[in-house]
There are 2 protein chains.
Amino acid sequence: MKYGHFDDKNREYVIENPKTPYPWINYLGNEDFFSLTSNTGGGYTFYKDAKFRRLTRYRYNNVPVDDGGKYFYIKDGNTVWSPGWKPVKTALDSYECRHGMSYTKFKSSKNGIQSEITQFIPLGFWGEIQKVSIKNTSSEIKKIKLFSFIEWCLWNADDDMKNFQRNFSTGEVEVEDAVIYHKTEFKERRNHYAFYSVNQEINGFDTDRESFVGLYNGFDNPDVVNDGKPKNTIAHGWSPIASHYIEMELQPGESRDYVFMLGYVEVDENDKWESKSVINKQPAKQMIEKYNNVEKVDAALEELRLYWDNLLGKISIDSGDEKLDRMVNIWNQYQCMVTFNMSRSASFFESGIGRGMGFRDSNQDLIGFVHQIPERARERIVDIASTQFEDGSCYHQYQPLTKKGNAAIGGDFNDDPLWLILSTSEYIKETGDFTLLDEMVPFDNDESRAKSHFEHLKASFYHVVNNLGPHQLPLIGRADWNDCLNLNCFSTNPNDSFQTTGNKKDGQAESLMIAGLFVTYGKEYIKLCQRIGNEKEAHEAQIHVDQMIKAVKTHGWDGDWYLRAYDYYGNKVGSNENEEGKIFIESQGWCSMAEIGKEEGMVENALDAVKEHLDCEYGIVLNSPAFSKYYIEYGEISTYPAGYKENGGIFCHNNPWIMIGETMIGRGDEAYDYYTKIAPSFLEDISELHKVEPYVYCQMIAGKEAIKPGEAKNSWLSGTASWNFYAITQYILGVKPDYDGLIINPCIPKKWDGFKMKRAFRGATYNIEVSNPDHVSKGIKELRVNGKLISGFIIPLLEKGKAYDVKVIMG
Amino acid sequence: MKYGHFDDKNREYVIENPKTPYPWINYLGNEDFFSLTSNTGGGYTFYKDAKFRRLTRYRYNNVPVDDGGKYFYIKDGNTVWSPGWKPVKTALDSYECRHGMSYTKFKSSKNGIQSEITQFIPLGFWGEIQKVSIKNTSSEIKKIKLFSFIEWCLWNADDDMKNFQRNFSTGEVEVEDAVIYHKTEFKERRNHYAFYSVNQEINGFDTDRESFVGLYNGFDNPDVVNDGKPKNTIAHGWSPIASHYIEMELQPGESRDYVFMLGYVEVDENDKWESKSVINKQPAKQMIEKYNNVEKVDAALEELRLYWDNLLGKISIDSGDEKLDRMVNIWNQYQCMVTFNMSRSASFFESGIGRGMGFRDSNQDLIGFVHQIPERARERIVDIASTQFEDGSCYHQYQPLTKKGNAAIGGDFNDDPLWLILSTSEYIKETGDFTLLDEMVPFDNDESRAKSHFEHLKASFYHVVNNLGPHQLPLIGRADWNDCLNLNCFSTNPNDSFQTTGNKKDGQAESLMIAGLFVTYGKEYIKLCQRIGNEKEAHEAQIHVDQMIKAVKTHGWDGDWYLRAYDYYGNKVGSNENEEGKIFIESQGWCSMAEIGKEEGMVENALDAVKEHLDCEYGIVLNSPAFSKYYIEYGEISTYPAGYKENGGIFCHNNPWIMIGETMIGRGDEAYDYYTKIAPSFLEDISELHKVEPYVYCQMIAGKEAIKPGEAKNSWLSGTASWNFYAITQYILGVKPDYDGLIINPCIPKKWDGFKMKRAFRGATYNIEVSNPDHVSKGIKELRVNGKLISGFIIPLLEKGKAYDVKVIMG
């Protein structure tokens, strides 16, 4: 069952039924200032850090779901309705929510009144704009009352939902003209405030929630709206809100436009006050003026559209399958930008106060983003590397506001450092910018301990070399990529975190996944050594890589697949010897991608085993059989009910590793089959089961052993986005940047006749047309650029600023 | 305006209008297992620790307020209503909520159906009972459908409201017969589960919230109730709930009784499972059987009533003023028990996850509780003292589940240690049990570092002596009792806690409040030294006390009142020299209670200054003038808007210090005037302004400089309860336990003719009748015990087990 449709031309998903199986959301903002917006007007806004600088309040896991947001109430006679359906939930004559690229539009109507709302954040702006248009489509004069509504968060979103004995006494606002200012704590340590404005005169306002809503009412029937008149309240403590009240009389056919703005202002410490206790409003007024009419707003919207034209124009395909095209051309790339911005901090499943930017996460997010805005990718790589220590270890997370490592979480996730080689090598391949390797980058955010970025990569590489276990395999530390496989840190205390409880000092657990990762990015590290002329180091590193390959073949092969790990006690994890958890996906993915034992058939065997044991209708599960009881020595993984999350769920992030592995042995049908199983656009028709958005990837789909296989959770913020984009574009479609040029080496389903891709690369544009007359999965018979035959798979670097026709014949 | 009335005979407050100005709540449970219950059925349940062992979910600061709780839905034809009015909010034909001593009753009716619900927790039991009676008072046969509803919290209340990417995948339940078991995480590290049962066969159930409520519905109109039939769902992840469904057909006049139970079970690690994945239900079944019919329940209720008869029977008065009598005889004592149990952890303003047990708070809470159950008081004193360090310093808080100090908060609140002398001396005065001084009590919870409890008191005393500042006054540390006067720890970072940000190493700020506290409890310490025959130490201590008195007189007197402090820079705080915050209440209270400079008139001057500068219609404000801007060197205090909280609010906790101070100079009219200004029963008629419960004290009433003077916040969990009880009974009514007997020394309003008090003390009962023929405030002409004249103010210890008539004539 569908709840809407894709409008590919406008790059929108159009929701036609507000009662989606779960709130379907969108993100506004691309740099410092962000909003989350659901298809019924729910969500919230923050500046940079969803924990420490939350502008508006939001209640997670509420009843009704997603109650609270940025709302409008239209009172037309005795009928009250909301353009987003919620909160009032009056049945609408028409409803449409369009989630587009960094904007969301609502178009709805009731009793001859039509409303259109467009929400977005102009580029480089610290404010959300809501363009509101109200039109009388009836043949009678209409007297309409419009109420806006937002609820302020008292900045720190964590404290805001705990510390009521303080927070109910601190709220402060000012109102001047049509602008409501939220200035809680501005008096003291904050140099910032927020405001909510409208570009026209208002007929009243409210800033005190209880006065507006009524103590015992819900957002669905506020007192003031019911009464049809504002109370002009000034909040002192309790819960400050901002609500404008506007009266309008509309002739038949007449419409009115309004520009609302939810803005954020920082002022200089010496410039905070206009007069005693009156805040300096000049910066806010300048912001308001910037978009004080519809023309200016529309220009900003157009600018935003062009911005996305440019970003999405860098890679686009025409495959003949609209579901694939819309993933690659629009939604997957869009999601990559969102994960780049948000890491795992704020979604409708991530509360914005639990996690900062992840070292591992953010490095991986880059591989789906680097082609869009390489400059920001480089900046991010440096931010991440700056939280590393000299021995290569690093903080697992850092806070976006301070860019400092999060000491409460700590480090010792031994895969973390290697991902820095991934992001760096992908950045250089995309851009050719080797200067990054020379940039001086601090350790532990201490400028005095800065060394070249190359030294960070070296530290990352040797962090593995220097932390090998009894089988010469990498020590896992607290956990590797699978945060829930906590082989060296486990505790019987239910109040201990699985992941931050002390790492056992004598922990000897080893990870085959890190081994595969090490071989894969060890090879990249060697290439980089060679590129900068450090042959000695390249030679040295090669020895370590070879030793690791040998160790995996000797101690990491279980007969039909790669082991997953050795646990704290030296027992095998992910072996046929085990009763449950006999096989895991991660080591099959990474050792296949590393091509360890490929010649001996290990890769093919392992991938066959994945097909046999892990594949199911909805994707590839993480492990099988799922754990039916608790194994303390495995940590968090077996705490999940079988079939969910890391315990036998389809943890989508790792599925592309298998897709890529399949392309290593030329199996395009298998690779693409796995791709379509979890790609959201292919799941649109089962939205009632899939539950979350059909336009973005989710972290997890319930696996074959779950109670409800196919039900998805945790949409939006997942490494799934970048890895799937990477797998489909660079390994299945096979267009892959490399240091010296663009590799063309598709691995596609045999039945395909070919496909087209437009690819910007190093300043040139490649119009690639792949044909597959022999219906093979892999192999190129002929590669021509502007008609000229090229031998091999790689198009060398060509002159910038030009477009090239690339014709590829597979066979 | 009133929303109900006091029923003193039944010791109940009877709410007649469900729409109170804020939820008015009650506490069930007296030892390990607790519930908070509002007058409309909102609230939650926990075992021991409201953060780590939360049984049911609750949403603070919700819209509508207090949405979510333990609900019943009655479906009678097409009418759905709730006995507590909420969540359905159908207008009722009658409604009554009776908050009593550890129980709450709802009696309401609609369309000829009458419901009665009694909620309580039997003594020593880990389960809440809900006795439900449904009666057909109409003349027709009624077919009624009854749905129960609770929502499970996934144990850790903090994680439960943040970590959705995990928590939406972990929920697990079992259903057997009429019992719904919540077993999330039982599989792994938890050895406990919860259950919700009813003592009769059910016609169905639900355990999945979305299925029961509907994604877009509120608690006010759940799908299942609307449809009139359950879905018999088993929750897997998302949000597990428990709802029973019961059909009944009632003849005219017929009624049915049901016993619901919300229980908590701990099982032995080796005894967790009945069979694979099926939990061991035997302990739950035993609990259920214990109260499986109305007779057993009524017996438990009667037992609870007798328990409170006994507790409240120890002190009771007949003053001729029912408002005063109900405070002293019922509600203030009841609140003292609640604060003893909860400290500052769980109320409708304290979210249960912010704070553990406070060192300072819990010591003070004891002075209103020690006469009720001295054994528990002693146990608590030892728990508190065990978190102290050898140098007398201590953790500011500890967690009730572990009894370990809270390292995240730390220590350095330099008043903390002294309160241990208060609680210990009050305990010994009440009980005569000097053996406490010899008990071996650990330092820092380390048994190997245990010393006698007396050594803890000594360490407390010398912690002040060893931490004197430039004026020989006590260094304040991070703060003293006024947590918000952070004179040595302040930061410009708005994300730093005011109270836990690093204490400045060279901090020289000094506190006059600690000085007064030191003199007061230094004198007690000296008495204890003498009692145990340590004259040398008594002499030594006296020197330090005398020096402190001298230091206060020399450096702590501002001319008309006591200074409050010296700040980090050595500047005066609370001086006429200051522009704002010229005078503070705390030092006036404590230096008066310590009688420092009494002979020179300082006490009288200071109390006159309080009257002039701090008193207002609704009580005594903390400081004046309130701060209108931020003074970073004062810390949190000036962050509050003027008139609220510690910045010019009526912080009720400290008002009794002034009352006691007034009794020191014999001004009974002033003392009692202050008493009645903040005593909730005296404020019942202005409930619409006062907002919070008229039967318990609150932490804060908005002061004279506030926008809404008289509006109260933060009810229930405040040291206000114990201090007011202490002030009224021991200083105003003047019946005060002492080491050698019972002191009788009232200080009352002159117009009083006298009063009666029944007082249990050291095993005897004293029926005291005070008459005041000369209409004085203070002074005793004659004191007779069983007719026998006693000289002085103190009745010596008399034979236990007997009752004594005490006649007192003032004059």
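To find a chain, count down the sequence lines: A is the first, B the second, and so on, and within it residues start at 1.
Between B/N62 atom CG and A/D67 atom CG the span is 8.0 Å, to the nearest 0.5 Å. Atoms CD and CD1, from B/E188 and A/I632 in turn, are 10.5 Å apart once rounded to the nearest 0.5 Å. In this structure, B/I707 CD1 and A/I234 CD1 are separated by 9.5 Å, a value rounded to the nearest 0.5 Å.
In this structure, no portion of B/K51 lies under 4.5 Å from any heavy atom of chain A. With a threshold of 4.5 angstrom between heavy atoms, A/S169 approaches chain B through its backbone and through its side chain. For B/S628, the parts lying under 4.5 angstrom from a heavy atom of chain A are both the backbone and the side chain. Heavy atoms closer than 4.5 Å to chain A are found in both the backbone and the side chain of B/T20. Contact annotation for B/V213: only side-chain heavy atoms (C-beta onward) come within less than 4.5 Å of a heavy atom of chain A. Within the 4.5 angstrom heavy-atom criterion, atoms from both the backbone and the side chain of B/S491 approach chain A.
Among the candidates B/R57, B/K708, B/K162, B/K645, the residue making the largest number of heavy-atom pairs closer than 4.5 Å to chain A is B/K162. Heavy-atom pairs under 4.5 Å with chain B peak, among A/E269, A/K86, A/M700, A/E636, at A/E636. Residue with the most contacts toward chain B among A/R53, A/E185, A/K89, A/E151: A/K89 (heavy-atom pairs, distance under 4.5 Å). Here A/F498 is the residue among A/F219, A/W155, A/F498, A/Y60 with the most heavy-atom pairs under 4.5 Å with chain B. Counting heavy-atom pairs closer than 4.5 Å to chain A, the top residue among B/T492, B/L215, B/L717 is B/L215. When each of A/T639, A/T170, A/N714 is scored by its heavy-atom pairs under 4.5 Å with chain B, the top score falls to A/T639. Across A/P21, A/G237, A/S277, the residue that shares the most heavy-atom pairs under 4.5 angstrom with chain B is A/P21. Between chain A and the options B/S351, B/A706, B/A702, heavy-atom pairs under 4.5 Å are most frequent for B/S351. Contact count against chain B (heavy-atom pairs under 4.5 Å) is highest for A/D158 among A/N156, A/D158, A/D66. Counting heavy-atom pairs closer than 4.5 Å to chain A, the top residue among B/Y631, B/Y644, B/F52 is B/F52.
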message: Using side chain to side chain contact (heavy atoms under 4.5 Å, CB included), reason through A/R59 and B/R59 one step at a time and then give a plain yes or no.
response: CA-CA 9 Å; A/R59 293 163 181 83; B/R59 293 164 180 82; over 6 Å; no
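Between the side chain of A/K187 and the main chain of B/Y640, a donor-acceptor pair closer than 3.5 Å is present. A donor-acceptor pair under 3.5 Å is absent between the side-chain atoms of B/R190 and the main chain of A/N493, judged by distance alone. B/K19 contributes no side-chain N or O that, together with a main-chain N or O of A/Y216, makes up a donor-acceptor pair within less than 3.5 Å.
Salt bridge status for B/R189 with A/D496: absent, with no side-chain N to carboxylate O gap under 4.0 Å. By the 4.0 Å N-to-carboxylate-O rule, A/R166 lies too far from B/E646 to be salt-bridged with it.
The aromatic rings of A/Y22 and B/F168 stand perpendicular to each other, their planes meeting at an angle above 60°, with 30° marking the opposite boundary.
Annotation: cation-pi pair B/K629/A/W273 absent, no NZ/CZ under 6.0 Å from the ring centroid and within 45° of its normal. A/W238 carries B/K691 over the face of its six-membered ring, with the cationic atom under 6.0 Å from the centre and within 45° of the normal.
Tested against A/Q165, the residues B/K713, B/R344, B/Q699 include a single side-chain hydrogen bond (donor to acceptor under 3.5 Å, both in side chains) partner, B/Q699.
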